[in-house]
*Asks:* 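Handing you this structure, nothing more for now.
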Amino acid sequence: MSYKTSSSVVVAAAFIALFVPFVSCFTASDEILPKLVIDDKLSGYHGLVKENETLVEVVPEIYAIGDVCNFNIVNKHHGEAPFEIILRPNGYAELRARKTLNCEKRKTYKFEIAAVSCSGLISDNVTVHITVVDINEYAPLFLDASYVKDVDEGQLYEEIIRVEATDRDCTPRFGDICKYDILNDDQPFTINNEGSIRNTEPLDYDRSHNYILSVVAYDCGMKQSAPVMVTIKVNRICKLGWKSIPEEIDYYPTSGRKDLFPNAQLRLCDDPCHVKNVNAKLTLATSHIGKGCDRDTYSVQSQRKLCGASEESVELLPANHVPLSAGNAIKHDEGRESDQMYEFDGSSTAVAIPNDVLDHGLSSAFTISTWMKHKPMPHQDKHVKEHILCSADDHKMNRHHYAWFVRNCRLILLLRRDFSQGDLNIFRPAEWRWKIPQVCDNEWHHYAVSVQFPNVQLYIDGVLFKSENKNPEVIDDWPLHPTKGINTTLTVGACWQGSENKMKHHLRGYLAGLSVLLHQLEKPEVLACLHKCKESLEVPAMELLEPGMELLTNSELTELSIEGDNKTNLEVLVRKIGYSNSRDYPTPGRRNLHLTTSLICEGGREVKMPPAESYIMVHRPQQPNIIINGTNTVPREYHEFRQGVQVFPDLAISIEPESYDYESKNPELTNVLERRVDSCIISVYPSLNPDHETLTIPADMLAKFGISAKVSKDGVAFNNADIVFHYQEALRDVHYTNFKPAYYLNRQFKLVCSEMNGRFLSNEYIQTLTVVHPKSPTIVYTTTTTLPTTALPAASLVEENDAEPKPAHAQVVQHSVEAKQAQTIFGNYLDGSIDERAQAIVTGGGHAVTIIIVVCVGFLVLMITLGIVRIKAAHQKASQDEVQDTEMAWDDSALNITINPMEQLECDGSGAAGGALSAGKHRHAENEDDSSDDNMSYDYDDSSDDGGGNEEDDGLHRGCAPRLEWDHSTMSI
């Protein structure tokens with residue numbers, strides 16, 4: 001038994017020894033390996049960590065499947081990997097740095113990780129790439145603690161000095177320098193983003209010996225450095241010539257005089273020169289503005305008035321007033337900013353002057369004046385004529401009676417005597433030739449020739465030309481021989497050739513303000529005023545002029561010369577030279593200044609001085625706002641319109657902003673007494689009816705003020721520059737007269753004023769004159785209507801002041817038409833004229849007339865309906881029996897006739913009323929010229945449209961035969 005037992009134990013032990021390893025092997029091979037979940041193992045994980053943080057943002061998140069208990073960093077590619085992986089309860093892992101990292105020491109890390117199961121199984125490795133994100137922790141630092149640089153005065157440098165800064169941050173975002181800046185304000189220096197410093201204007205040793213700048217740098221994250229000091233020392237460099245001459249001088253309108261060079265100094269440096277003579281000349285360039293300088297843009301007519309010129313002078317060049325030859329319009333500038341100018345092209349443009357504009361025959365005394373800008377054409381024949389003004393035969397011949405033209409840079413006046421002006425066999429002066437450089441310098445000049453035969457005078461730019469030897473050259477000629485049937489043609493810009501029937505000798509250049517004054521000479525002071533500029537140089541006060549010094553100017557005050565032997569006094573005088581522009585609205589833009597200086601030392605040695613250049617910048621003025629105010633609607637009675645009413649009784653004109661200079665002196669009078677307008681236009685639409693409407697103007701007042709006016713059926717045009725107060729008074733005295741005011745409910749007048757020849761316009765002011773129509777007395781009617789078979793009682797009259805009127809009665813017939821009873825109108829209806837009765841009906845009896853019209857129309861419709869029924873009955877089939885035809889016929893057995901009581905009343909009063917009407921008509925005919933709605937009335941006629949053309953007169957003169965009316969009360973069909 002024991003043997004068997006021990007054998008069994010041995011067998012069992014052997015079985016266990018063999019089976020247990022097998023089971024263990026089976027369990028171990030059945031466990032799953034951990035695995036990192038990632039789509040792209042080759043790319044691996046990528047993480048970012050900021051320098052001041054430890055948590056790494058990893059993409060994609062670290063996650064593994066299997067019984068994962070831990071993650072290990074298993075392979076460090078570049079040494080240290082200061083990271084750890086922490087498993088979170090949800091199975092994901094987070095990567096953290098064991099300490100804060102420093103991008104400046106190491107920017108990236110690379111290592112591999114693996115997941116580890118609880119039984120110790122390890123997954124495959126996956127690479128992790130870590131980038132350390134920089135933060136802007138360092139400010140820029142300059143390489144040098146300070147900077148110093150020496151420069152010479154009077155120069156503009158491209159670069160004076162360059163500063164440089166660096167930043168310790170590891171990335172370009174925070175480690176690069178993106179900007180430099182100068183903290184000092186109002187310094188003549190600038191710095192760019194590369195740290196280069198330069199000056200913005202020439203430096204002046206006298207102004208500052210050195211400049212200390214505080215400069216800072218910014219990285220690309222805009223973190224600012226500590227400032228560094230930059231010192232720029234200015235070296236004195238002596239240069240001959242003027243110093244402290246500003247490059248630009250700002251000038252604002254209405255600011256008055258402005259000194260140009262208040263700090264000017266003339267430097268001689270170390271030149272040992274004892275001044276014997278010094279000369280300085282300043283030139284103001286204005287030839288590019290308008291006609292040579294800034295002048296008011298008023299029309300020539302207004303400018304002539306402001307200068308006191310004769311009102312009889314005729315202006316020949318407004319393009320809208322003079323017909324153009326052959327449709328060739330001359331180009332012209334409207335003169336909104338400067339003056340009106342006209343261009344002639346030298347081949348086709350010319351203006352023909354009709355005889356009603358200017359008498360073609362000149363008198364023995366006259367003045368012709370014009371502005372002209374002309375230059376010679378290269379390689380032009382010196383015999384070519386360019387006519388400003390020419391009077392020649394209109395056909396057959398080419399005789400020039402008189403002309404003003406340019407030839408070979410000479411200004412020539414031709415005056416041929418007529419055969420009737422003296423002996424045909426006597427030579428007399430006929431041509432004057434002035435050789436003057438102004439004709440061909442391509443600049444604007446004013447020319448005026450005054451003739452009081454045989455004396456001829458030429459004014460250039462308002463200054464009398466002094467005759468020299470053979471200048472002008474005077475040519476004698478025979479008088480013109482007599483001809484028959486030949487008139488003259490006067491042209492501007494060319495000369496008419498009568499035999500060829502075309503224009504020749506065209507002018508190439510510009511003209512403006514061409515005018516002719518007959519029978520008298522223009523005053524020299526007027527010619528000087530017309531040329532005077534509104535802008536000029538202002539000379540220093542004469543008390544500043546020391547002995548031995550001389551100051552000279554030209555007539556336009558655009559050139560100023562100072563000469564003498566005192567250098568110090570020259571500097572004082574130059575500092576006091578000013579500029580002024582008296583226009584309220586000057587032409588904006590640049591005016592160049594040119595200062596030249598020459599100096600001679602004792603011994604005759606000349607010191608050459610470089611010229612000084614500068615310019616005046618005239619700024620654009622604030623434009624004025626012309627405002628017209630008043631009571632827009634004014635009611636007036638009939639008799640006031642017949643006597644004449646003021647169109648603008650309380651008109652007020654104001655201009656804003658006010659003139660600065662005048663306002664400061666006379667603030668209470670600025671608007672009305674100082675500012676000007678040069679035109680006001682009153683427009684009427686529709687046009688006035690000259691039969692009974694007129695506009696009257698204060699002729700005496702206008703003549704006193706020098707304002708011209710032209711009245712037409714379309715309104716009134718006032719012209720010529722004058723102060724606002726005068727225009728305001730003249731406009732208030734414009735009267736409107738209407739002898740038939742009843743024709744209108746109202747009349748409207750539009751007023752627009754302008755300044756500077758239309759450059760500035762006012763608002764459109766509308767004035768309404770309302771006609772107050774008279775009211776007629778209220779008329780109340782009462783009538784009684786009875787059955788047709790009864791007698792017709794007389795109508796009873798009820799006046800407005802009587803008791804309450806009784807209601808009228810009307811019988812409604814079977815045709816459903818309300819028959820209007822006959823009425824008698826209040827007695828005074830027949831007392832007035834036809835015009836008065838018509839007015840009474842229109843104004844007082846409107847409701848009664850409406851009722852009558854409705855009744856008549858209803859009755860007419862009824863009759864038409866009955867007529868149609870009868871026509872249909874007459875055209876029944878022939879097969880219908882006679883009984884049916886009889887039934888459809890009219891039954892007139894009970895037809896009654898009603899007499900209109902109105903007709904009976906007219907018959908009863910035919911003698912008196914008819915006579916009154918006739919007398920009224922007679923009176924109306926006598927007063928037809930003074931008729932109005934007050935004298936008009938209409939005699940109401942109830943006749944049909946088929947009546948004769950003068951039934952009213954027939955009823956009045958033939959008698960009052962009763963008219964018949966249908967009574968449909970018993971009508972049957």
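These values consider heavy atoms only, across backbone and side chains, with no hydrogens, waters or symmetry-generated copies.
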*Asks:* Is there side-chain contact between Q380 and E386, with at least one heavy-atom pair below 4.5 Å?
*Replies:*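 Result yes, sub-4.5 Å side-chain heavy-atom pair found.
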*Asks:* Does NZ or CZ of K258 come closer than 6.0 Å to the centre of the six-membered ring of Y251, within 45° of the ring's axis?
*Replies:*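 Output no; distance or angle outside limits.
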*Asks:* Less than 4.5 Å apart, any side-chain heavy atom of R410 and any of V439?
*Replies:*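 Heavy-atom side-chain distance check fails, nothing below 4.5 Å.
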*Asks:* Please report the closest heavy-atom contact between S708 and N720, naming both atoms and the distance.
*Replies:*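 Shortest heavy-atom contact: N-ND2, 3.8 Å.
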*Asks:* Output the distance between atom CG (L514) and atom OG (S369), rounded to the nearest 0.5 Å.
*Replies:*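 Here the rounded value is 7.5 Å.
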*Asks:* In a check of side-chain contact (heavy atoms from CB on, under 4.5 Å) between E431 and each of L414, L413, D476, which one passes?
*Replies:*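 Passing option: L414.
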*Asks:* Could you pull out the closest heavy-atom pair between T367 and E522, with the gap in Å?
*Replies:*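 Closest pair (atom of T367, atom of E522, distance): OG1-N, 3.0 Å.
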*Asks:* For a quick test of reading the model, state the closest non-hydrogen atom pair linking I626 to C753 and the distance between them.
*Replies:*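 Heavy atoms of I626 and C753 come nearest at CD1-O, 4.4 Å.
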*Asks:* Which of these passes side-chain contact (heavy atoms from CB on, under 4.5 Å) with V406: H505, M372, R508?
*Replies:*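 Output: one option passes, namely M372.
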*Asks:* Centroid-to-centroid, H360 to H401, below 6.0 Å?
*Replies:*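 That pair fails the under 6.0 Å test.
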*Asks:* Are Q438 and L411 side-chain neighbours, meaning at least one heavy-atom pair lies under 4.5 Å?
*Replies:*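 Q438 vs L411: side chains apart.
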*Asks:* Looking at V278, N279, L570, which one forms a side-chain contact (heavy atoms from CB on, under 4.5 Å) with L599?
*Replies:*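 When side-chain contact (heavy atoms from CB on, under 4.5 Å) is applied between L599 and each of V278, N279, L570, only V278 qualifies.
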*Asks:* Quick one, Y579 and L593 - any side-chain contact, counting heavy atoms below 4.5 Å?
*Replies:*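 In short, these two side chains do not touch, never coming nearer than 4.5 Å.
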*Asks:* Would a 4.5 Å heavy-atom cut-off, applied to side chains only, mark N277 and E563 as touching?
*Replies:*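 Result yes, sub-4.5 Å side-chain heavy-atom pair found.
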*Asks:* Specify whether H387 and H400 have parallel, tilted or perpendicular ring planes, treating 30° as the upper limit for parallel and 60° as the lower limit for perpendicular.
*Replies:*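 Because their plane-to-plane angle is over 60°, the rings of H387 and H400 count as perpendicular.
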*Asks:* Nearest heavy-atom pair of L545 and E550: which atoms, and what distance?
*Replies:*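 Residues L545 and E550, closest heavy atoms: CD1-N, 4.4 Å.
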*Asks:* Give me the atom names and distance for the closest heavy-atom approach of T349 to E343.
*Replies:*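 Smallest heavy-atom distance, with atoms named: OG1-O, 4.2 Å.
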*Asks:* Just so I know, are the side chains of F261 and W242 near enough to count as touching, which here means a heavy-atom distance under 4.5 Å?
*Replies:*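 No - every pair of side-chain heavy atoms lies 4.5 Å or more apart.
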*Asks:* If you look at every heavy atom in V618 and T587, which pair is closest and at what distance?
*Replies:*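 Taking every non-hydrogen atom into account, CG1-O, 3.9 Å.
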